[in-house]
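Worksheet: the structure to be examined is printed underneath.
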Amino acid sequence: MRDAHNGAMARHPGGGFNPPEPTRKGGPDYGRLVAAVRTLQDHVRSVDAPDGVITRAADLIDGVNTLLAPYAADEWASPSGRRTDLPNRGNLLTVPLTTSRAGDRITGTARFARYHLGRNGAAHGGTLGLLFDSLLGQTAAILTGSPYQRTAFLHIDYRAIVPIGKDLQVDAGVDEIDGRKVFVSGRLCDGDTVLTEAHALFVRLKPGQP
Ligand SMILES: CCCCCCCC/C=C\CCCCCCCC(=O)SCCNC(=O)CCNC(=O)[C@H](O)C(C)(C)COP(=O)(O)OP(=O)(O)OC[C@H]1O[C@@H](n2cnc3c(N)ncnc32)[C@H](O)[C@@H]1OP(=O)(O)O
């Protein structure tokens with residue numbers, strides 16, 4: 001179990017931030033598994049059911065955990081994040097995000113779910129950090145063509161509350177490159193309204209850096 005979760009960084013010459021190696025492991029239902037767990041997360045945050053229903057649900061989920069436990073693998077072997085045929089590369093962690101390159105920009109759509117709710121209809125601020133680390137990280141990697149980078153800082157300006165359950169627009173680009181430093185910025189919009197702005201510094205890793 002220890003190996004499964006600590007990985008084998010030393011085996012990877014790019015350090016710990018190697019680009020994902022595409023795989024089809026997990027088969028035709030891996031995407032359905034990830035989508036089902038996302039739906040489950042939404043249900044767990046929204047449920048108001050009789051105690052017996054909760055007991056039954058917990059028993060069923062315990063059963064799934066028992067089924068999966070013997071197959072825990074390290075980050076290099078698991079298909080999570082490496083299923084390039086699936087939304088968000090089959091990575092359950094990310095805020096659902098679809099992007100494409102449009103010239104020297106990255107644009108796309110993000111959608112927060114009930115799972116990401118903070119309070120009073122607004123997405124939790126930390127989930128915006130999660131979104132922007134992915135969005136700006138992709139932007140830095142794709143637009144500079146160098147995948148070995150890590151976030152040095154990520155600054156977020158919360159301009160308006162971010163609604164859950166609605167398709168929102170993202171847009172990001174590289175502002176400046178200074179040696180190993182890549183400065184990027186982006187925003188999240190609901191139509192004409194800017195909801196969140198962010199800027200970040202990504203530092204290109206030296207060989208072997210974790
Ligand atoms: C063909 C390509 C296509 C690719 C396609 C790929 C598809 C996309 C794939 C995947 C995208 C996924 C996207 C997800 C992204 C997520 C990323 C993360 O979340 S990473 C986890 C969170 N971040 C950490 O854990 C970092 C922890 N910190 C560190 O490891 C170090 O501090 C590091 C590497 C950031 C810098 O350390 P040093 O030792 O290498 O370098 P030093 O000398 O300290 O800094 C270099 C320069 O940067 C400045 N700097 C560093 N940190 C700074 C800061 N916080 N503020 C301002 N400046 C800073 C320094 O002052 C220095 O500047 P001066 O060269 O002197 O001008």
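Atoms within each ligand, like the ligands themselves, are counted from 1 in listed order.
- What sits closest to atom 24 (C) of ligand 1 on the protein, heavy atoms only, is Thr151 O, 3.6 Å.
- Around CZ of Arg38, the count of heavy atoms belonging to other residues, nucleotides or ligands within 6.0 Å exceeds 12.
- Counting heavy atoms only, Ala141 comes closest to atom 3 (C) of ligand 1 of the residues Ser146, Ala141, Gly137.
- Nearest to atom 38 (P) of ligand 1 among the protein's heavy atoms is Gln209 NE2, 3.4 Å.
- Atom 49 (C) of ligand 1 lies below 4.0 Å from at least one non-hydrogen atom of the protein.
- The backbone N or O of Ala77 sits less than 3.5 Å from a side-chain atom of Arg82, completing a donor-acceptor pair.
- Counting protein heavy atoms only, atom 43 (O) of ligand 1 is closest to Arg180 NH1, 4.2 Å.
- Scanning the protein for heavy atoms near atom 5 (C) of ligand 1, the closest one is Ile142 CG1, 4.0 Å.
- For atom 66 (O) of ligand 1, the nearest protein heavy atom lies 4.0 Å away or farther.
- Atoms of ligand 1 found under 4.0 Å from any heavy atom of Gln138 (numbered from 1 in listed order, with element): 13 (C).
- Around atom 63 (O) of ligand 1, the closest heavy atom drawn from Arg204, His155, Lys181 belongs to Lys181.
- In this structure, atom 56 (N) of ligand 1 is in close contact with the protein, since a protein heavy atom lies within 4.0 Å of it.
- The protein does not reach atom 7 (C) of ligand 1 closely, with no heavy atom under 4.0 angstrom from it.
- Asp175 and Ser185 form a side-chain donor-acceptor contact under 3.5 Å, judged by distance and modelled atom types alone.
- Proximity of atom 33 (C) of ligand 1 to the protein is not indicated, since no non-hydrogen protein atom lies closer than 4.0 angstrom.
- With 3.5 Å as the limit, one finds a donor-acceptor pair spanning the side chains of Ser146 and Arg204.
- Distance screen at 4.0 Å: atom 60 (C) of ligand 1 has no protein heavy-atom neighbour inside the cut-off.
- Side-chain atoms of Asn91 and Leu93, non-hydrogen and from C-beta on, do get closer than 4.5 Å to each other.
- Distance check on atom 29 (C) of ligand 1: every protein heavy atom falls at or beyond the 4.0 Å cut-off.
- Within 4.0 Å of atom 41 (O) of ligand 1, at least one protein heavy atom is present.
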Walk me through whether Leu40 and Ile61 qualify under side-chain contact (heavy atoms from CB on, under 4.5 Å).
CA-CA 10 Å; Leu40 176 64; Ile61 297 165; 3.8 Å; yes

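- Side-chain contact between Phe132 and Leu188: present, with at least one pair of heavy atoms (C-beta onward) separated by less than 4.5 Å.
- Scanning all protein heavy atoms for the shortest distance to atom 25 (O) of ligand 1 gives Arg150 CD, 4.1 Å.
- Of the protein's heavy atoms, Asp133 OD2, 3.5 Å lies nearest to atom 16 (C) of ligand 1.
- With Gln149, Lys206, Arg89 as candidates, the residue nearest to atom 12 (C) of ligand 1 on a non-hydrogen basis is Arg89.
- Distance from atom 35 (C) of ligand 1 to its nearest protein heavy atom, with residue and atom name: Ala152 CB, 3.8 Å.
- Counted by atom type alone, Glu75 and Ser80 present zero donor-acceptor pairs between their side chains at under 3.5 Å.
- Ring planes of His199 and His155: parallel class, angle under 30° (limits at 30 and 60°).
- Between the side chains of Thr107 and Asp171, no donor-acceptor pair is found at a separation under 3.5 Å.
- In this structure, the side chain of Arg111 engages the main chain of Gly165 through a donor-acceptor pair within 3.5 Å.
- Between Gly179 and ligand 1 there is no heavy-atom distance shorter than 4.0 Å.
- Taking 4.5 Å as the limit, every side-chain heavy atom of Glu197 sits out of range of all side-chain heavy atoms of Ile156.
- Counting heavy atoms from C-beta outward, Val203 and Gln149 have side chains that stay 4.5 Å or more apart.
- Close approach to Leu205 involves these atoms of ligand 1, each under 4.0 Å from a residue heavy atom: 34 (C).
- Between Asp59 and Arg56 there is no salt bridge, since none of the side-chain N atoms of the basic residue sits less than 4.0 Å from a carboxylate O of the acidic one.
- Atoms of ligand 1 found under 4.0 Å from any heavy atom of Gly145 (numbered from 1 in listed order, with element): 1 (C), 2 (C).
- Among all non-hydrogen protein atoms, the one lying nearest atom 58 (N) of ligand 1 is Leu201 CD2, 3.4 Å.
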